[in-house]
Amino acid sequence: RKVFTGDQVLRVNAKSEAQIQLLKTLENGEVFELDFWTHPSSSDLPIDIHVPYASLYAVQKFLQDNEIPFHVMIQDLQELLDKEQEDLQRNAM
Amino acid sequence: KGGDTKSFDYATYHRLDAIYSWMDSMVAGHPNLISKVQIGSSYENRPMYVLKFSTGGNNRPAIWIDAGIHSREWISTASALWMANKMATDFGVDPSVTSLLGQMDVYLMIVTNPDGYAYTHTNDRMWRKTRSVNSGSTCRGVDPNRNWDAGFGGPGASKNPCSESYHGPSAHSAIEVKNIVDLIKNRGNFKAFISIHAYSQLLMYPYGYTCNDIPHQAELDSVGQRAVQALSSLFGTSYRVGSICKIIYQASGGSIDWSYNNGVKYSFAFELRDTGRYGFLLPANQIIPTATETWLGLKHIMEYVRDHPY
């Protein structure tokens with residue numbers, strides 16, 4: 001089973017078209033192995049990005065360097081998944 | 001056997017085998033209303049089932065509803081389970097549902113991507129696509145909502161098999177998509193096509209592959225707005241309504257664009273809860289509230305379709 005320990009989901013609120021374009025370059029790149037749960041399209045909609053633990057520092061720095069506002073939506077993805085799994089097993093029993 | 005559906009826990013997520021077993025219970029509990037139709041098999045040879053709600057008649061006008069085409073969107077499948085039971089138990093009790101099913105058939109596909117769904121339970125909770133092998137790539141799967149013959153291969157879909165939005169080698173190459181296309185075309189007379197996704201709280205109509213308005217934009221927007229009013233009336237959940245391209249992003253090869261272009265005027269896609277606390281990991285205690293409110297929106301659309309034959 002794939003684990004996501006330390007992975008975070010970041011909620012990004014782009015403020016301009018320029019920031020959207022920067023996020024699109026991030027989305028099209030494959031280096032950070034990002035999974036965009038919602039995609040950069042307009043500054044009206046937040047962009048949620050699942051960031052693997054190994055890429056967290058680089059991605060957060062990228063956002064900070066470009067003054068793109070964000071906050072952590074899910075602190076540790078695996079913790080949430082573990083809880084979901086516990087619920088599933090309890091209900092199955 | 002019908003009692004099994006009463007003891008079934010709709011407030012938890014279930015594995016595929018439990019859902020398929022529940023389908024048998026539904027059919028056994030409502031033999032004059034529900035039948036289980038196998039429309040084909042998935043890439044990994046799992047059966048693909050549709051629950052057909054019908055009170056008889058011959059090739060009546062029909063409504064198509066699918067859930068879980070993206071396998072990690074568990075709330076979509078869980079809500080469809082609850083809504084199937086709601087429709088069955090309200091038949092003969094709620095005059096609106098009784099009238100609807102007296103005039104139309106409803107085809108409800110609860111697990112549209114069974115391979116992906118099984119995989120989310122065993123290997124990778126975040127899996128979105130099908131599980132097909134892609135020739136020449138180590139990455140598996142096609143995004144089954146980029147594989148329809150509607151602007152196929154255009155903007156908002158990827159040609160990279162490793163991408164989450166890989167459109168596949170050709171339109172309808174995903175067997176899961178082709179099975180649905182074949183059913184819709186062979187049966188004919190579908191008047192609505194509704195696809196249930198998660199998350200973001202949106203109700204959308206075509207197009208996704210282009211930002212041009214559809215000819216019925218005003219009507220579908222009005223139906224959508226009223227459906228969302230009904231949905232929101234329960235808990236105040238806020239939804240946005242619009243075309244896929246205008247309220248999310250340009251995305252080609254989507255199911256409701258295909259259905260609309262093939263003459264199914266009332267084509268809609270829901271994005272269920274939430275708006276950003278849990279994303280795809282909506283806790284199970286949110287299933288029934290989500291399903292309950294969605295049912296109100298869905299019912300409004302179905303009533304409108306019933307009352308506006310074309």
Side-chain angles (χ1 to χ4, degrees), chain A residues 1-5 7-14 17 20-21 23-24 27-53 69-93, chain B residues 8-15 17-18 70 72-75 78 119-129 139 155-158 160 162-165 197-202 208 211 240 242 244-251 271 274-287:
Chain A
R1 189 185 289 272
K2 189 169 178 180
V3 291
F4 301 90
T5 308
D7 290 13
Q8 292 186 348
V9 179
L10 305 181
R11 167 150 286 205
V12 180
N13 292 99
E17 182 55 32
I20 292 290
Q21 292 308 319
L23 291 163
K24 282 184 176 172
E27 186 178 28
N28 294 330
E30 291 170 13
V31 184
F32 298 133
E33 297 186 344
L34 305 179
D35 177 9
F36 277 70
W37 286 10
T38 59
H39 302 265
S41 58
S42 84
S43 49
D44 293 342
L45 290 171
I47 301 129
D48 297 338
I49 314 171
H50 166 199
V51 186
Y53 178 71
F70 72 96
H71 67 269
V72 177
M73 185 172 115
I74 296 174
Q75 187 72 36
D76 184 337
L77 194 59
Q78 191 58 44
E79 269 184 25
L80 218 49
L81 292 174
D82 289 343
K83 182 164 186 327
E84 185 181 73
Q85 201 58 34
E86 279 171 26
D87 288 348
L88 270 173
Q89 284 171 358
R90 190 169 48 246
N91 286 318
M93 286 170 70
Chain B
F8 187 83
D9 186 2
Y10 291 95
T12 186
Y13 295 110
H14 293 274
R15 296 170 77 96
D17 54 352
H70 289 141
R72 64 189 177 185
E73 298 170 10
W74 282 9
I75 186 63
Y119 197 71
T120 60
H121 278 267
T122 54
N123 292 66
D124 181 354
R125 173 66 180 87
M126 290 298 118
W127 191 259
R128 162 187 167 95
K129 300 187 286 182
C139 296
S158 174
N160 176 2
C162 296
S163 165
E164 294 291 358
S165 56
H197 291 251
Y199 61 102
S200 293
Q201 294 174 199
L202 305 167
C211 289
R240 295 176 65 186
I244 296 171
C245 187
K246 288 182 180 164
I247 61 168
I248 318 189
Y249 49 84
Q250 199 168 4
E271 295 275 0
D274 62 13
T275 53
R277 280 191 70 190
Y278 300 103
F280 299 119
L281 302 174
L282 198 67
N285 64 12
Q286 295 287 302
I287 293 172

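Chain A is the first sequence line, chain B the second, and so forth, proteins listed ahead of strands; every chain is numbered from 1.
Closest heavy-atom contact between B/Tyr278 and A/Leu80: CD2-CD2, 4.2 Å. When all heavy atoms of B/His14 and A/Leu88 are compared, the pair lying nearest together is N-CD2, 4.5 Å. Closest approach of B/Ile248 to A/Ser41, counting heavy atoms only: O-OG, 2.5 Å.
Counting only heavy atoms from C-beta outward, the side chains of A/Glu84 and B/Leu281 approach each other to under 4.5 Å. Side-chain contact between B/Thr12 and A/Asp87: absent, with no pair of heavy atoms (C-beta onward) separated by less than 4.5 Å. Using a 4.5 Å heavy-atom cutoff, the side chains of B/Arg72 and A/Trp37 are in contact.
Looking at A/Asp35, only its side chain comes within 4.5 Å of chain B, counting heavy atoms on both sides. Heavy atoms closer than 4.5 Å to chain A are found in the backbone of B/Thr122, but not in its side chain.
Here B/Tyr249 contributes atom OH and A/Ile20 contributes atom CD1; the two are 13.0 Å apart, rounded to the nearest 0.5 Å. The distance from the OG atom of B/Ser163 to the CD atom of A/Glu27 is 8.0 Å, given to the nearest 0.5 Å. Separating the OG1 atom in B/Thr275 from the CG atom in A/Leu45 is a distance of 11.5 Å, to the nearest 0.5 Å.
Of the residues considered (B/Arg15, B/Arg128, B/Arg125, B/His121), B/Arg125 shows the highest number of contacts with chain A, using heavy-atom pairs under 4.5 Å. Ranking A/Arg1, A/Lys2, A/His50 against chain B, the residue ahead of the rest is A/Arg1, based on heavy-atom pairs under 4.5 Å. Per-residue heavy-atom pair counts under 4.5 Å with chain A were compared for B/Glu164, B/Arg240, B/Gln250, B/Met126, and the maximum is reached by B/Met126.
Judged by distance alone, the side chains of B/Tyr199 and A/Asp48 do bring a donor and an acceptor atom under 3.5 Å apart.
For CD of A/Glu33, the number of neighbouring non-hydrogen atoms (other residues, nucleotides, ligands) closer than 6.0 Å is 12 at most.
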